[in-house]
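Beneath this line is the structure, given in structure tokens, with notes to follow.
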Amino acid sequence: MSLGPGLRYLPAVASLKLDIEACTGCGTCVEVCPHAVFDISDRKASIKDLDACMECGACSRNCPARALAVSAGVGCAQAIFNSMLTGGPPDCGCGSDQGSSCCS
Amino acid sequence: MIEPVLTAPPPTGWDALRGVLSRWGLGRNRYRVKPGLYGLGSPGPDAPVLVTANYKLSFDAVRRAMAGRDLWLLVLDTVGINVWCAAGKGTFGTDELVIRVRSVGLGDKVRHRVLILPQLGAVGVAGFEVAKRTGFKVVYGPVRVEALPAFLDRGMKALPEMRRVAFPLSERLMLAPLEFLQALRYFAVFLGLAAVWTLGRGGSASDLASAAWPLLGSVVAGTVVVPGLLPWVPFRSFALKGWLVGLAWAGFVCWAKPAGLRMAGGQLLLLPAVSAFLALNFTGASTFTSQNGVNREIGLFARPMAASALAGAVLLILHGVRR
């Protein structure tokens, strides 16, 4: 199952950056990315679908070469409104449901 | 001091009920299992080690999917929160995993050196760092636990589809009632104020109802219709999706119960803004929105939405006063 064509979020906002020099082509990013953002060819990773990135941060956290950077966070309006009110980091106080989504 | 291997009684009908309640936010904080190492079936030193959260729904989902197999289940202390959310908060994280591997003496229980984590745990766990600190290699299994048996049977190789997060209609419709109930809290406040206003001015209960149903509809538009029809409503922005569906609803309200220009203007300004705000809130339940994207939406639409709602509310109040 993939998201399908109707479920795409805003284009050209994701903060994901790949340092191609540092990349060793290990393929961990391909493995952990839940939205198939990466591809490996010629022993280097490439970002083939930047707009699918939800900035979860799994790739950068698991990159042994530290070749990936992303401002990871929750894509949750309530969390961002909360942080505007409290001045703290975006936090939605989530924890329910069947483990595939947050904040409800 | 090595912690003993834990056992958990099989899930009962009562567990199933509590699971449903906890999804709806009732008793969620008490729906936990004790963190530690559990044996499913009768695992030996070569049995695989799965890692999960101490949210009981997650724990039971693994047990159900793995029924009939002999495995170790290492349960991290995520304060009763599911894997993805806990990983985002860092409680399903590198440090907790390293500490737990040591405190249960996992190195003496198994001969191999492999931990199988849910893929979404990667948000909080750095696999290479766990390997460095414990000697256990982290292997990320599929996103969904239902695919775990196939993943194991294929020699711990995931098909590309097992690595993708989806957001099917069934899942969206499971979340919609919860969104609706949460929004109802705000609606109840409105209803209270409207009741004081209407009845205080000698209005009847039916006056109150006719003031309330258009707004209730815009709540349904933002919390049920947009989630349900998410892929088919135009625009990528959740706020715009909500605004559009709310506008259609407001148009219907004006057509069904014409009450002058001021009333129509008020409905057309207020109702879509309410739906837009509620639909924007659904970004938190979705599985593909990014923080920078939501920030962009808020930057673009929060002020116009608030202004529209305020102007609409003023028009509706004027309409009520002049009547």
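Below, chain A is the first sequence line, B the second, and so on; all start at residue 1.
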Are [X] and [Y] close enough that some pair of their side-chain heavy atoms sits under 4.5 Å apart?
X: Tyr9(A); Y: Val294(B); answer: yes
X: Gln78(A); Y: Phe282(B); answer: no
X: Met54(A); Y: Thr289(B); answer: no
X: Arg164(B); Y: Pro34(A); answer: no
X: Arg61(A); Y: Val125(B); answer: no
X: Ser71(A); Y: Gln291(B); answer: no

Answer with side chain, backbone, both or neither: which region of Ile298(B) has an atom nearer than 4.5 Å to a non-hydrogen atom of chain A?
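For Ile298(B), the side chain is the part near chain A, not the backbone.
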Please round to the nearest 0.5 Å and tell me the distance separating atom [atom1] of [X] and atom [atom2] of [Y].
X: Cys56(A); Y: Phe288(B); atom1: SG; atom2: CZ; answer: 14.5 Å
X: Leu7(A); Y: Trp232(B); atom1: CG; atom2: CH2; answer: 8.0 Å
X: Asn295(B); Y: Ser83(A); atom1: CG; atom2: OG; answer: 8.0 Å
X: Asn62(A); Y: Tyr140(B); atom1: CG; atom2: OH; answer: 3.5 Å
X: Arg236(B); Y: Leu10(A); atom1: CZ; atom2: CG; answer: 8.0 Å

Closest contact, heavy atoms only, Glu55(A) versus Asn292(B)
OE2-ND2, 2.6 Å
Can you confirm whether [X] is buried at [atom1], in the sense that more than 12 heavy atoms of other residues, nucleotides or ligands lie under 6.0 Å from that atom?
X: Lys137(B); atom1: NZ; value: no
X: Lys157(B); atom1: NZ; value: no
X: Arg63(B); atom1: CZ; value: yes
X: Tyr186(B); atom1: OH; value: no

Name the region of Cys63(A), side chain, backbone, both or neither, that has any atom closer than 4.5 Å to a heavy atom of chain B.
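Only the backbone of Cys63(A) comes within 4.5 Å of chain B.
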Parallel, tilted or perpendicular: which one describes the rings of Phe81(A) and Phe277(B), with boundaries at 30° and 60°?
tilted
Quick check for you: among Val138(B), Val123(B), Val145(B), which has the greatest number of heavy-atom pairs under 4.5 Å with chain A?
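The answer is Val123(B).
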Worked verdict on Val13(A) versus Ser290(B) for side chain to side chain contact (heavy atoms under 4.5 Å, CB included)
CA-CA 8 Å; Val13(A) 287; Ser290(B) 63; 4.1 Å; yes
Say whether, by atom type as modelled, one donor and one acceptor occur between the side chain of His35(A) and the main chain of Ala166(B) under 3.5 angstrom.
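No; zero donor-acceptor contacts below 3.5 Å.
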